[in-house]
Amino acid sequence: MQKDPLTRKVIGCAIAIHRHFGPGLFESAYEDFMAIELMEAGLRFQRQVPIPAIYKGHQTEHAFRADLVIEETLIVEIKSLDRLAPVHDAQVLTYLSVGGFPVGLLINFNVPKLVDGVKRYVS
């Protein structure tokens, strides 16, 4: 599967962090470091972005919260877990569906090789 240039650049940012720190930090630390990398890469991004949802005709403004939204098109969910579970896949897929985003990344930094901790989703 050919990755788009934005996804490739974001994964490169994550790899740089993982090479420097490795696994074992809190998710919040990895998010802070991702913000630095994304800024240095010249990418526009927002952190902890609320994603509204409609339930029974009522809109809730803070139903979900994405760790990062990059260039208004890519959602990134950051994890630091021993292993990912199906609920983590469902989380990103829900963000894509409800938020109308075309692409999402689930990045688990708690792995020996980051390539084993990255999942890409397309809506």
K.L.:
For atom CG of Asp82, is the number of surrounding heavy atoms from other residues, nucleotides or ligands below 6.0 Å larger than 12?
P.N.:
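No.
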
K.L.:
Please say yes or no: joined through hydrophobic side-chain contacts below 4.5 Å, possibly via intermediate residues, are Ile78 and Tyr121 part of one cluster?
P.N.:
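Looking at the clustering, Tyr121 is in a separate group from Ile78.
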
K.L.:
Is a side-chain N or O of Ser97 found less than 3.5 angstrom from the main chain of Leu93, in a donor-acceptor match?
P.N.:
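Checking the backbone N and O of Leu93 against the side chain of Ser97, no donor-acceptor pair under 3.5 Å is found.
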
K.L.:
First locate atom CZ of Arg83, then atom CG of Asp116, and finally report the distance between them rounded to the nearest 0.5 Å.
P.N.:
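Reported value, rounded in 0.5 Å steps: 14.0 Å.
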
K.L.:
Any chance CZ of Phe21 has more than 12 other-residue heavy atoms, nucleotides or ligands included, within less than 6.0 Å?
P.N.:
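More than 12 heavy atoms, drawn from other residues, nucleotides or ligands, come within 6.0 Å of this atom.
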
K.L.:
Given Thr73 and Phe101, is the side-chain contact (heavy atoms from CB on, under 4.5 Å) satisfied, shown in steps?
P.N.:
CA-CA 6 Å; Thr73 61; Phe101 296 96; 5.7 Å; no

K.L.:
Establish whether Val111 and Phe26 are linked, either directly or via other cluster members, by ILVMFWY side-chain heavy-atom contacts under 4.5 Å.
P.N.:
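Shared cluster, no.
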
K.L.:
Measure across Ala66 and Ile75 and return the closest heavy-atom pair with its distance rounded to 0.1 Å.
P.N.:
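Scanning both residues completely, I find the closest heavy atoms to be CB-CD1, 3.7 Å.
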
K.L.:
Any chance you could measure His58, atom NE2, to Ile54, atom CD1, to the nearest 0.5 Å?
P.N.:
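Between atom NE2 of His58 and atom CD1 of Ile54 there are 11.0 Å.
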
K.L.:
Does a side-chain heavy-atom distance below 4.5 Å link His18 with Ile107?
P.N.:
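Sidechains of Ile107 and His18: no contact.
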
K.L.:
Applying a strict under-4.5 Å side-chain criterion to I, L, V, M, F, W and Y, I'd like to know whether Leu106 and Phe109 cluster together.
P.N.:
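Leu106 and Phe109: separate clusters.
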
K.L.:
Where do Glu37 and Phe33 land on the side-chain contact (heavy atoms from CB on, under 4.5 Å) test, with the steps shown first?
P.N.:
CA-CA 6 Å; Glu37 285 288 331; Phe33 301 140; 5.7 Å; no

K.L.:
Could you state whether Leu114 and Leu38 fall into the same hydrophobic cluster, counting links through intermediate Ile, Leu, Val, Met, Phe, Trp or Tyr residues with side-chain heavy atoms under 4.5 angstrom apart?
P.N.:
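Cluster IDs for Leu114 and Leu38 match.
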
K.L.:
Step by step, would you call Val118 with Leu105 a side-chain contact (heavy atoms from CB on, under 4.5 Å)?
P.N.:
CA-CA 7 Å; Val118 177; Leu105 289 174; 4.2 Å; yes

K.L.:
Is the closest side-chain heavy-atom distance between Ile17 and His20 below 4.5 Å?
P.N.:
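Not in contact.
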
K.L.:
Under a 4.0 Å N-O cut-off, is there an ion pair linking Arg120 with Asp4?
P.N.:
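Salt bridge: yes.
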
K.L.:
Any side-chain heavy atom of Leu68 within less than 4.5 Å of one from Met34?
P.N.:
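Yes, at least one pair of side-chain atoms sits under 4.5 Å.
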
K.L.:
Side-chain contact, heavy-atom cut-off 4.5 Å: Ile51 with Arg65?
P.N.:
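They are not in side-chain contact.
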
K.L.:
Apply the test side-chain contact (heavy atoms from CB on, under 4.5 Å) to residues Leu81 and His88: give CA-CA distance (whole Å), side-chain angles for both, the deciding distance (0.1 Å), then the verdict.
P.N.:
CA-CA 11 Å; Leu81 302 168; His88 301 115; 3.4 Å; yes

K.L.:
For the residue pair Lys79 and Leu84, establish whether any side-chain heavy-atom pair is separated by less than 4.5 Å.
P.N.:
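A side-chain contact exists here, since the closest heavy-atom pair is under 4.5 Å.
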
K.L.:
Take atom CD in Glu72; do more than 12 heavy atoms of anything else shown fall under 6.0 Å from it?
P.N.:
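No, not enclosed.
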
K.L.:
At their closest point, which heavy atom of Ala53 faces which heavy atom of Val98, and how far apart are they?
P.N.:
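The answer is CB-CG1, 3.9 Å.
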
K.L.:
Please tell me if the side chains of Glu61 and Gln59 come closer than 4.5 Å, counting only heavy atoms from C-beta onward.
P.N.:
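When only atoms from C-beta onward are counted, Gln59 and Glu61 do touch, with a gap below 4.5 Å.
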
K.L.:
Do Asp89 and Lys119 meet the salt-bridge criterion of a basic N to acidic O distance under 4.0 Å?
P.N.:
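Yes, charged N to carboxylate O under 4.0 Å.
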
K.L.:
Between Ser80 and Tyr30, what is the shortest heavy-atom contact and its length?
P.N.:
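That would be OG-CE1, 3.7 Å.
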
K.L.:
So which atom in Glu71 and which in Gly42 form the shortest heavy-atom distance, rounded to 0.1 Å?
P.N.:
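Nearest pair, atom of Glu71 first, then Gly42: OE2-O, 4.3 Å.
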
K.L.:
Counting C-beta onward and ignoring hydrogens, is there a side-chain heavy-atom pair between Gln48 and Glu31 closer than 4.5 Å?
P.N.:
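A side-chain contact exists here, since the closest heavy-atom pair is under 4.5 Å.
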
K.L.:
Return yes if some donor-acceptor pair links the side-chain N/O of His62 with the main-chain N/O of Pro52 below 3.5 Å, else return no.
P.N.:
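No: the side chain of His62 does not pair with the backbone of Pro52.
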
K.L.:
Checking Asn110 side chain against Pro23 main chain: does a donor-acceptor pair fall under 3.5 Å?
P.N.:
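No; zero donor-acceptor contacts below 3.5 Å.
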
K.L.:
Just one of Val76, Ile70, Leu74, Val69 clears the side chain to side chain contact (heavy atoms under 4.5 Å, CB included) bar with Phe45, so which one?
P.N.:
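Looking at Val76, Ile70, Leu74, Val69, the match for Phe45 under the side chain to side chain contact (heavy atoms under 4.5 Å, CB included) is Ile70.
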
K.L.:
Establish whether Val10 and Met39 are linked, either directly or via other cluster members, by ILVMFWY side-chain heavy-atom contacts under 4.5 Å.
P.N.:
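The answer is yes; both residues are in one hydrophobic cluster.
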
